[in-house]
Amino acid sequence: MFDKLDDLLVRFEELLNELGEPGVTDDPAHFQKLMKEQSDLQPIVDAYKEYKKNKETIEDSLSMLESEKDEEMREMLKEELSDAKKRVEELEHELKILLLPKDPNDSKNVIVEIRGGAGGDEAALFAAEIYRMYVKYAESRRWKTEMLSLNENGIGGFKEVTFMIKGEGAYSRLKYESGVHRVQRVPETESGGRIHTSTCTVAIMPEAEEIDFHLDLNECKFDVFRASGNGGQCVNTTDSAVRLTHIPTGIVISCQDEKSQLKNKDKALRVLRSRLYEMELAKQHDAEAEARRSQIGTGDRSEKIRTYNFPQGRVTDHRIKLTLHRLENILNGDLDEIIDSLIAADQAVKLTKLNEQE
């Protein structure tokens, strides 16, 4: 580990020198790549420098304790030695986590698809609440959201909604949200006061760029139609809505949110590219079955991951056996405690696997 850290320290110095050279900004793409690499290395370098500093403190304190006679001074040195040893242990753990292989998609924006599942209108109402939960979470992190497509059920529920969340590290935090979300409550449509269980599915996909996945437009069929539902005059009176069919897979995507046919076509292509990219990633994961099993439930749409229980005001994440009695706050976008716990659990599994290999 320390040989690798020394190499990264050398690489970091090389980056600083390269970024300090005149004319480095003449090639914006190369400059951006250097800045990204420096940004990725900075936390590792900072932690390693602090680690080395504390190791020096330990050596100096031990050396001084051998010759120091003054009891008060010896107590100070012992305290300093104890603090440095404790910090070294913490930094060793921190550095192991920082050196874990990074998911290349972590810095990407995400496309989120939410669909009402079992439970009819109640499932659609729950899907709308889950959508609002993610929008509020995005706002709390100062990320931007953009609606891509929406299919409503007429009473405020969403049969299906697709939207984008744009922000640095969005995928790194939201990738654990894919799966089946379950709600237990008395529906507004239930006159007998019985508790019902309904579900919605959430799919989190990294936004795919052309560089990630090449989409052959010859394999796509476009149809235009008149948008329906709420909208401005132009939305409902012109053939602005777009239906995109990917012939090899049979995937169909409809976008009718924009007044412009071209904008709807662009949105549909972005969703299709990301969905095909996600399918490609899933194939890779299935090929690496062991790695797939080690993940804390990322990417599997059929896995029941979380239950929102209204009568008891609690939320339970089944993958890590975490229960929080803060249902209202969580539905208002307060997701950090759940997501931080999922990230910590995922890192713990990977660290255990890494230690076994060593």
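Atoms considered below: every heavy atom in the structure, side chains included; atoms not considered: hydrogens, waters and symmetry mates. The residues of the chain are indexed from 1 along the displayed sequence.
For the 3.5 Å distance criterion, the side chains of Thr307 and His318 qualify, holding a donor opposite an acceptor. Asp103 and Tyr171 form no side-chain donor-acceptor contact under 3.5 Å, judged by distance and modelled atom types alone. Side-chain contact, Gln42 with Asp46: a donor N or O sits under 3.5 Å from an acceptor N or O. With hydrogens and angles left out, the side-chain atoms of Gln347 and His93 include no donor and acceptor closer than 3.5 Å.
Remark: side-chain polar atoms of Ser140 are paired, donor with acceptor, to backbone N or O of Tyr137 under 3.5 angstrom. With hydrogens and angles ignored, the 3.5 Å screen pairs a side-chain donor or acceptor of Ser61 with a backbone N or O of Thr57. Side-chain atoms of Asn109 come within 3.5 Å of backbone N or O of Gly167 as a donor-acceptor pair.
More than 12 heavy atoms of other shown residues, nucleotides or ligands fall within 6.0 angstrom of atom NZ in Lys78. Few gaps surround CD on Glu68; more than 12 heavy atoms of other groups in view lie less than 6.0 Å from it. Counting non-hydrogen atoms of neighbouring residues, nucleotides and ligands closer than 6.0 angstrom, the CD atom of Glu328 reaches no more than 12 such neighbours.
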Exercise for review: Might you work through the side chain to side chain donor-acceptor pair (under 3.5 Å) test for Glu177 and Tyr134, ending with a clear yes or no?
Suggested key: CA-CA 10 Å; Glu177 295 299 297; Tyr134 289 129; 2.7 Å; yes
Practice item. Start with the C-alpha gap between Lys175 and Asp106, add the side-chain angles, then the distance that decides, and say whether salt bridge (charged side-chain N to carboxylate O under 4.0 Å, His left out) holds. Key: CA-CA 8 Å; Lys175 62 184 176 182; Asp106 273 354; 2.9 Å; yes
Review point. So Gln184 and Asn309, side chain to side chain donor-acceptor pair (under 3.5 Å) or not? Walk me through it.
Key: CA-CA 5 Å; Gln184 294 173 326; Asn309 184 290; 2.8 Å; yes
Exercise for review: Please step through salt bridge (charged side-chain N to carboxylate O under 4.0 Å, His left out) for the pair Lys166 and Glu207, ending with a clear verdict.
Suggested key: CA-CA 9 Å; Lys166 300 178 181 179; Glu207 183 191 15; over 6 Å; no
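In the hydrophobic clustering of ILVMFWY residues, with side-chain heavy atoms under 4.5 Å counting as a link, Leu269 and Ile247 come out apart. No chain of hydrophobic side-chain contacts below 4.5 Å, direct or via other Ile, Leu, Val, Met, Phe, Trp or Tyr residues, connects Val252 to Leu276.
With respect to Asp340 and Arg173, a salt bridge is recorded, a charged nitrogen being found less than 4.0 Å from a carboxylate O. For Lys159 and Glu152, the salt-bridge test fails: no basic side-chain N is under 4.0 Å from an acidic carboxylate O. The existence of a salt bridge linking Arg74 and Asp70 is excluded, since no basic side-chain nitrogen approaches an acidic carboxylate oxygen closer than 4.0 Å. A salt bridge between Arg141 and Asp336 is present, with a side-chain N of the basic residue lying under 4.0 Å from a carboxylate O of the acidic one. A salt bridge links Glu90 with Arg87: the distance from a Lys NZ or Arg NE/NH1/NH2 to an Asp or Glu carboxylate oxygen falls below 4.0 Å. A salt bridge links Glu113 with Arg115: the distance from a Lys NZ or Arg NE/NH1/NH2 to an Asp or Glu carboxylate oxygen falls below 4.0 Å. The pair Lys350-Asp346 meets the salt-bridge criterion, since a charged nitrogen lies less than 4.0 angstrom from a carboxylate oxygen. Taking 4.0 Å as the cut-off between side-chain N and carboxylate O, Arg11 and Glu14 count as a salt-bridged pair.
In this structure, the ring of Phe126 has its center less than 6.0 angstrom from the ring center of Tyr308.
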